[in-house]
Each structure stands twice: as C-alpha cells, then as structure tokens.
Amino acid sequence: MHKSHDPFERDLERANALENSRSAPREPELAADWTLKRELAGLGAAELPEAVKARARRAAVVQQRGPWLLGIAAALVAAVVVTVVLQSPAETPSPSVVTPTARDLAELQFAFDTINRTGKRAVAMAGREVQASLAMPDLGLAELPYAGYIRPYFERPDRSG
C-alpha cells in the first residue's frame, strides 16, 4: 500500500528540525526567527511589580456585572416562558395516568433544542451589541518589564491606545 506524503507532516518535521538545530538557518527570515527565539529564551521570567500584581488581582476579583449579563438572563427566561406557554396542552391529565410516548420525548427534545439555540443566539447578539461599550480594565501594562512586546496583544484593533 502506497503511503502519500502529507504536507503537514513534512512541514512539522522541518519545523522540529529547525527548532532543534544548533546553528542558524541560511534563509534570512528563518535565521532572524531562530535568533529571536534564542534571545527570548535567555531573558528568563521577570518579576512583576507589586502595583501591577495588586491591580490584576483586584480586576480578577471585582468582576462587575454589565448590562449584557442581565440581557442574557432575560433572553433565557423569555425563551423558557415562550416555549412553555406555546406548548402547554389545553387539558392536563392526572400525573398517575401519564406515560410519555416517543412523540412526547421528541417534543421535549425539540423544546430543549429551541431553548438552547435561542439562548445562544441571544448571547451572541447581546455580546455584539455591548462589546463596543465594554472598557478594558487598566492592568498597568506600561509598568510591565517587556511592555512594548506585550501591549499589542491587549489592545483592541477598533480603538487606539
């Protein structure tokens, strides 16, 4: 049986060989990446200033509830109420006589799926609507040891600074 060569496997082998190489590659871009990786590995871990640690702890502990959380809760409650009201039978037989049929179970599964889809849709819409108004907490990025390298990962592309 012929085994075809998977380009992913080939690229993975090349990347591993490059990473484990003791000398820089000939290609300038790869050589620059190889050198940067070695330099960054030599920097080691830096200790964060106490003010930054304290600010990060406060931001993690004090999570304010935004309006989007209440919107999600309201959407889920509305989805459950609408589903229950629309599918409630006219007459309710006594519980001792009721045995669920396959159709009843299918309708129950459909109701759960509807609630799940509606809830997910409401969460997605609420997230899109309030995302622009959410503010990133000040984590003191300017005080970090390698702030110039880290700051671009925390900045939002739709806002400057």
Output the distance between atom [atom1] ([X]) and atom [atom2] ([Y]), rounded to the nearest 0.5 Å.
X: Thr35; Y: Lys37; atom1: OG1; atom2: NZ; result: 12.0 Å
X: Arg103; Y: Glu107; atom1: CZ; atom2: CD; result: 4.5 Å
X: Arg38; Y: Arg22; atom1: CZ; atom2: CZ; result: 9.5 Å
X: Asn16; Y: Ser21; atom1: CG; atom2: OG; result: 12.0 Å

Closest contact, heavy atoms only, [X] versus [Y]:
X: Trp34; Y: Ser23; answer: CZ2-C, 3.6 Å
X: Ala79; Y: Ile115; answer: O-CG1, 4.3 Å
X: Ala75; Y: Ala122; answer: CB-CB, 3.2 Å

Query raised in the report: If you count the non-hydrogen atoms of other residues, nucleotides and ligands that lie under 6.0 Å from NZ in Lys120, is the total more than 12?
Result: no

Report task. Verify the neighbour count for atom CZ of Arg26: are there more than 12 heavy atoms of other residues, nucleotides or ligands below 6.0 Å? Result -> no

Query raised in the report: Would a hydrophobic clustering, with Ile, Leu, Val, Met, Phe, Trp and Tyr connected at side-chain separations under 4.5 Å, put Leu76 with Leu108?
Result: no

**Report entry** Linked, directly or transitively: Leu36 and Leu43 (ILVMFWY side chains, under 4.5 Å)
**Finding:** yes

**Report entry** Side chains of Thr114 and Arg117 in contact at under 4.5 Å (non-hydrogen atoms)
**Finding:** yes

Requested in this report: Run the salt-bridge test on Glu13 and Arg10 with the 4.0 Å N-O cut-off and return the result as yes or no.
Outcome: no

Query raised in the report: Is there a donor-acceptor contact under 3.5 Å from the side chain of Asp33 to the main chain of Leu30?
Result: no

